[in-house]
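Following: one structure in structure tokens, then a few remarks.
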Amino acid sequence: MPPGPTWLQIWLEAGREGRIFTYANPLGLPLASGDLVRLKLRGRRHVGLVVEGLERLPPELDPDRLQPVEGLHQSAAVDPHWRALLSEVAADCHTSLFKTLKTALPPAGWGKGPSARVGRPATVGWWN
């Protein structure tokens with residue numbers, strides 16, 4: 001399997017609407033849009049959603065200051081077609097895609113709930 005992108009845009013539950021942060025992928029994990037990954041933000045463990053991979057880092061970011069992705073939590077947790085549907089629902093409901101995704105995913109999908117606390121991967125693919 002080819003190595004994954006060097007840099008990743010990851011959506012985290014931070015603030016009211018969530019935020020996208022850039023993380024390094026030093027292990028070359030084969031990650032793609034829709035994967036849930038384990039990482040740290042401000043020293044605390046989180047699960048984030050990969051939005052896209054970047055082969056080039058934006059010039060305003062220092063690669064030595066970026067935090068690494070720690071590992072894959074759930075592969076293909078958000079299917080591209082399902083995400084498109086949720087985008088339409090968010091637009092129809094006049095809310096953000098993040099709020100709609102957060103509502104649609106079970107709590108364990110975001111690294112909360114019993115399965116995440118004991119270190120087992122959560123099953124969040126119930127919509128497939």
Candidate pair Leu57 and Thr6, rule side chain to side chain contact (heavy atoms under 4.5 Å, CB included), full reasoning: CA-CA 9 Å; Leu57 192 61; Thr6 306; over 6 Å; no
Under the salt bridge (Lys or Arg N to Asp or Glu O under 4.0 Å) test, residues paired with Glu88 that sit two or more places apart: none
Heavy-atom side-chain contact between Leu12 and Val47 under 4.5 Å: no
From Leu8 atom CG to Leu49 atom CG, the distance as rounded to the nearest 0.5 Å: 11.0 Å
Co-membership, hydrophobic cluster, residues Val50 and Leu66, 4.5 Å side-chain: no
Partner set under side chain to side chain contact (heavy atoms under 4.5 Å, CB included) for Pro59, not counting sequence neighbours: none
Exercise answer: donor-acceptor pairs, residues 18-29 side-chain atoms, under 3.5 Å, sequence neighbours excluded:
residue	atom	partner	partner atom	Å
Thr22	OG1	Gln9	OE1	2.4
Tyr23	OH	Lys40	O	2.7
Asn25	OD1	Gly28	N	3.4
Asn25	OD1	Leu29	N	3.0
Asn25	ND2	Pro5	O	2.9
Asn25	ND2	Leu29	O	2.9

Distance in Å, Glu70 CD paired with His46 NE2, rounded so as to fall on 0.5 Å steps: 10.5 Å
Distance in Å, Leu72 CG paired with Leu36 CG, rounded so as to fall on 0.5 Å steps: 8.0 Å
Nearest-0.5 Å distance, CG of residue Asp35 to CG of residue Leu31: 5.5 Å
Residues Ile10, Leu39; criterion side chain to side chain contact (heavy atoms under 4.5 Å, CB included); working and verdict: CA-CA 10 Å; Ile10 299 177; Leu39 44 81; 3.6 Å; yes
Single-linkage hydrophobic cluster Trp11~Leu54, side-chain heavy atoms < 4.5 angstrom: no
With sequence neighbours excluded, residues passing side chain to side chain contact (heavy atoms under 4.5 Å, CB included) with Asp62: Asp64, Arg65
Sequence neighbours excluded, every pair satisfying salt bridge (charged side-chain N to carboxylate O under 4.0 Å, His left out) that has a member inside residues 47-56: none
Residue pair Pro58 / Trp7, side-chain heavy-atom distance below 4.5 Å: no
Sequence neighbours excluded - salt bridge (charged side-chain N to carboxylate O under 4.0 Å, His left out) pairs with any residue from residues 20-34: none
